Amino acid sequence: MSEDATNDEEYGLRYHHGFGNHFESEAYPSALPKGRNNPRIVPHGLYTEQLSGTAFTAPRNENRRVWLYRMQPSVVGTKSGFVGCGINGKKECTRAVNEATKRLSETFGGADWSSDMKLDPNPMRWGPTPLPSPSPSINFLEGIQTLLGSGDPTSKAGIGVYVYAFNADMSGENRSTTADWHTYNSDGDFLIVPQQSGLWIQTEIGRMAVSPREFCVIPRGVVFTVNILKTNEGESEKFARGYMLEIFRGHFQLPELGPIGSNGLANARDFLHPTAHFEADDAIKNTACVIINKFGQHLFARSNPHSPYNVVAWHGNYLPFKYDLHKFCAVNSVTYDHPDPSIYTVLTAKGGDEEGTALADFVIFPPRIMATDENTFRPPWFHRNVMTEFMGLIYGEYDAKKRETGGGGFVPGGASLHSIMTPHGPDAQSYYANVKKDCKTPTRFEGGLAFMFESSAMCKVSKYALECEQREEGYADCWDDLAALFRILMRLSANNGEIEDEKAHGDILYCDEDCVWF
C-alpha cells in the first residue's frame, strides 16, 4: 500500500512552491538585508556567506547560488581540521571525531572505486535491502551501500547509485552516536527516494519531511542531517530504507516538454523548497557536533563549535527541494502502442555527449490510466538500450515483473539493473498474461509505484552488489519460458494442426492462425 504524502502542517513546516525560482526567507523579522547582498553592517549582527552551486560565469538561466545570513560563518571551526575516516583515530582528535572515524568506512557507501567496482554486463536483480537489527544502532550515513557507479567525482564526471537502511538518527535523543552528526557532499547532488519510513531532513536552508511517496534533492555543498520521521503520535518508525542517485556534474532540471506543450509531467508549482529555520547556540551547548564531508568518494570528519543550522535568513535559487510523486501528470497513448518510458521523466541532468542524451534521468511508472486499442501490448516491450537502467519499487507491483510465490521477484525495496545493450523486458508470466488480456477498454493501473535511474554512463557494479545475500542469482531464468512460438506454428501448419511432440512444447490450450496459447 502507498503511504500518504507528508502532512507538513502537522510538523510545523512551510515551503516555497516552484522550480528554479529565486526565493527569499527569514526566520527572524528584518534579518534579510534590503537592497543589497553584502552590506557592511548585516542586520542583527549576522554574517554574510554565499554558497555557489555553479561557476560565477555560468549562463544566467543556469546560474545557481544562495546568500546566507548566519550567526557565525562556516569558516568558524575549520581549524580543528578534517581527519580521514576508517582509521583508529588520532590523539589530537576529539572523542566525538574519533568515534566517527572508527564507525565510518574510509570510502562512502563502503566501496573503494579503485578496487571494489567491477564491469559486469549481466542482468541483475536484488531483493529488499536487509533492515538492520535493533542492535547495533546505525544511522543514515552508516547504512548507505554502493551498488553501482561510473566516472570519477574528482573530475566531475559520472554517477553513483546507492541503497540505504538504518535504524537510528544522526542527531537528537535517538541518535546512535555520542555526538550529533551533520554531513555535506563535495562531490555532487543527492536525489533520495525513501521506500520504507519517512525521513526528517534538516539542512542549512531549512527542514523537510519526506515520505515514501515523495523524493528530495540535496544539492552539492549543503549541510544536512537525516533522521527517521516521527509519526503523528511523536514516535519514530524503527527502520528506514530507500534509494539514492548521485550526479557528479551539473544539477537536476525539469525535462523539456516539446510537442507536449507548456504543461504536464512534473509541474513546477508542485516542487517544495524549505523556509529558513535556525538553531540557537544553546541547542547544542551540551552536545558535541561533528561535520562529515564526502570528498572524492572518501569521508572526512571534524568537530564543530556551533550548529551548522544557524542560518537566520537567505535568498537565492540554490536550494534543496522535495516533490510528491503522486502529483505527476502522466502522459500516455490513447490510440495504440506503448510510448518510450522517457514520457515519465520527472527530472533530468545534462551531461551526455549528444544532444538529448542525459547524464541521468529520474523516471517513474506511476498509477495511471492506459487507454490504448485492443491490440496494444501495454507493459514495456523487450528492449536493448544505449542507456544503463536501474529500477526500484517503492510499493506494490510493477506491471512487467510479477512477484514470485514465496516473496521473490521484483518486490518493494528491491532493485534491478540492465546495463548498456543488455537485453531485458517483461518476464514470461507477465508477457503471456498481458498478451491474453482483453484491452478493449481503458484500465486504471493502481498497483504500485516503480522508478528508474537511467544514465548514459556505463556503470561498474560494487563488490557488495555482486556478493550480497539479497542478489537473485537466477534472475535471468524469468525469461526461460518465452517459447519460440513461430516454430510451433510452423510445425502445426506442416502437420495440419497436429502436434508432433506435446512434451517438447508444453501444454497448449488452443491456437489460431496468429498465435499459440499456453
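Not measured: the values here are computed from a predicted model.
- Here the options are N227, T225, D180, the test is side-chain hydrogen bond (donor to acceptor under 3.5 Å, both in side chains), and the partner is S171; only N227 passes.
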Quick one: do Y309 and F278 satisfy ring-ring contact (aromatic ring centres under 6.0 Å, His included)? Show the steps, please. CA-CA 5 Å; Y309 311 123; F278 66 91; over 10 Å; no

Hey, mind stepping through Q50 and N37 against side-chain contact (heavy atoms from CB on, under 4.5 Å) and telling me if it holds? CA-CA 9 Å; Q50 182 177 201; N37 297 324; over 6 Å; no

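- A donor and an acceptor atom, one from each side chain of R36 and N38, are nowhere located under 3.5 Å apart.
- Residues C468 and Q145 form no side-chain contact, since every pair of their non-hydrogen atoms from C-beta on lies 4.5 Å or further apart.
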Which pairs would a plain distance check flag for residues 21-32, meaning a side-chain donor or acceptor within less than 3.5 Å of a matching protein atom at least two apart in sequence or in another chain?
from	atom 1	to	atom 2	distance (Å)
N21	OD1	F19	N	2.8
H22	NE2	H315	ND1	3.1
H22	NE2	G316	N	3.4
S25	OG	A276	N	2.8
E26	OE1	A31	N	3.2
E26	OE1	L32	N	3.0
E26	OE2	S30	N	3.4

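- Exactly one of F445, F451, Y398, F410 qualifies for a ring pair (Phe, Tyr, Trp, His ring centres under 6.0 Å) with F365. That residue is Y398.
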Evaluate the side chain to side chain donor-acceptor pair (under 3.5 Å) criterion for residues E49 and S74: first the C-alpha distance (whole Å), next the side-chain angles of each, then the deciding distance (0.1 Å), finally the verdict. CA-CA 8 Å; E49 179 177 297; S74 299; 2.8 Å; yes

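- No side-chain heavy atom of S80 sits less than 4.5 Å from a side-chain heavy atom of N304.
- Relative orientation of the W126 and F390 rings is tilted, given thresholds of 30° and 60° on the angle between their planes.
- Under a cutoff of 6.0 Å and an axis angle of 45°, R64 and Y318 do not form a cation-pi pair.
- For the residue pair Q195 and P412, the shortest heavy atom distance occurs at NE2-CB, 3.6 Å.
- Looking at N185, its side chain does come within 3.5 Å of a backbone N or O of G188 through a donor-acceptor pair.
- Looking only at atom types and distance, the side chain of Q72 has no donor-acceptor partner in the side chain of N310 under 3.5 Å away.
- Heavy-atom contacts from other residues, nucleotides or ligands closer than 6.0 Å to CZ of R302 number more than 12.
- Under the 4.5 Å side-chain criterion, counting only non-hydrogen atoms from C-beta, C329 is not in contact with L265.
- In this structure, the separation between CZ on R249 and CD1 on I159 is 14.5 Å, given to the nearest 0.5 Å.
- A donor-acceptor pair under 3.5 Å is formed between the side chain of E142 and the backbone N or O of N139.
- Of all heavy-atom pairs between N293 and S186, the closest is OD1-OG, 2.9 Å.
- Under a 3.5 Å cut-off, the side chain of R368 and the backbone N or O of P366 do form a donor-acceptor pair.
- A donor-acceptor pair is defined here as one N or O able to donate and one able to accept, closer than 3.5 Å; such a pair exists between the side chain of T203 and the backbone of I205.
- Closest of all the heavy-atom pairs between F166 and I138 is CB-O, 3.4 Å.
- The backbone N or O of G414 sits less than 3.5 Å from a side-chain atom of Y243, completing a donor-acceptor pair.
- Applying the side chain to side chain contact (heavy atoms under 4.5 Å, CB included) rule to S262 yields no partners; only residues at least two apart in sequence or on another chain are considered.
- Panel note: side chain R175, backbone T178; a donor-acceptor pair is recorded below 3.5 Å.
- Two residues are said to be in side-chain contact when any heavy atoms from C-beta on lie closer than 4.5 Å; V66 and N317 fail this criterion.
- In this structure, P212 and S197 have side chains that are not in contact, with every pair of non-hydrogen atoms separated by 4.5 Å or more.
- Residues D340 and S342 bring no donor and acceptor atom of their side chains to less than 3.5 Å of each other.
- Not a single donor-acceptor pair under 3.5 Å links the side chain of N267 to the backbone N or O of D270.
- A distance-only check finds a donor-acceptor pair linking the side chain of R220 to the backbone of F248 [under 3.5 Å].
- Looking only at distances, no side-chain donor or acceptor of W181 sits under 3.5 Å from a matching main-chain atom of I291.
- Atom CZ of R241 is separated from atom CD1 of I394 by 12.5 Å, given to the nearest 0.5 angstrom.
- A457 approaches S150 most closely through the heavy-atom pair CB-OG, 3.4 Å.
- The shortest non-hydrogen separation linking P194 to V210 is CG-CG1, 3.8 Å.
- Between Y164 atom OH and F140 atom CZ the span is 6.5 Å, to the nearest 0.5 Å.
- A distance of 8.0 Å separates OG of S307 from CE of M71, quoted to the nearest 0.5 Å.
- The 12-atom threshold is exceeded at CZ of F82, counting heavy atoms of other residues, nucleotides or ligands nearer than 6.0 Å.
- Here the CD1-CE distance, from I218 to M244, works out to 9.0 Å after rounding to the nearest 0.5 Å.
- For Y464, the side chain to side chain donor-acceptor pair (under 3.5 Å) partners are Q470, not counting sequence neighbours.
- With a 6.0 Å cutoff to the six-membered ring centre and a 45° limit on the axis angle, R65 does not count as a cation-pi contact of F56.
- Note that SG of C216 is 4.5 Å distant from CE of M208, once rounded to the nearest 0.5 Å.
- For the residue pair E214 and Y323, no side-chain donor N or O sits within less than 3.5 Å of a side-chain acceptor on the partner.
- Between K156 and I247, every side-chain heavy-atom pair lies at or beyond the 4.5 Å cut-off.
- A donor-acceptor contact closer than 3.5 angstrom links the side chains of T348 and D361.
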With a 3.5 Å cut-off and sequence neighbours excluded, list the donor-acceptor pairs that the side chains of residues 104-113 form with protein atoms.
from	atom 1	to	atom 2	distance (Å)
S105	OG	T107	O	2.6
T107	OG1	A111	N	3.4
T107	OG1	A111	O	3.1
D112	OD1	S114	N	2.9
D112	OD1	S114	OG	2.6
D112	OD2	S114	OG	3.4

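- The shortest side-chain heavy-atom distance between M117 and K463 does not fall under the 4.5 Å cut-off.
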Give the C-alpha distance, both sets of side-chain angles, the deciding distance and a yes or no for ring-ring contact (aromatic ring centres under 6.0 Å, His included) between F321 and H273. CA-CA 4 Å; F321 59 83; H273 304 263; 5.7 Å; yes

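- Judged by distance alone, the side chain of T275 and the main-chain N or O of R14 form a donor-acceptor pair under 3.5 Å.
- In this structure, the side chain to side chain donor-acceptor pair (under 3.5 Å) partners of H251, at least two apart in sequence or on a different chain, are D189.
- Applying the side chain to side chain donor-acceptor pair (under 3.5 Å) rule to N63 yields the partners T54; only residues at least two apart in sequence or on another chain are considered.
- Side-chain polar atoms of R213 and H326 form a donor-acceptor pair below 3.5 angstrom.
- Between L347 and F215, the closest side-chain pair of non-hydrogen atoms falls below 4.5 Å.
- Closest approach of T48 to V42, counting heavy atoms only: OG1-CG2, 3.4 Å.
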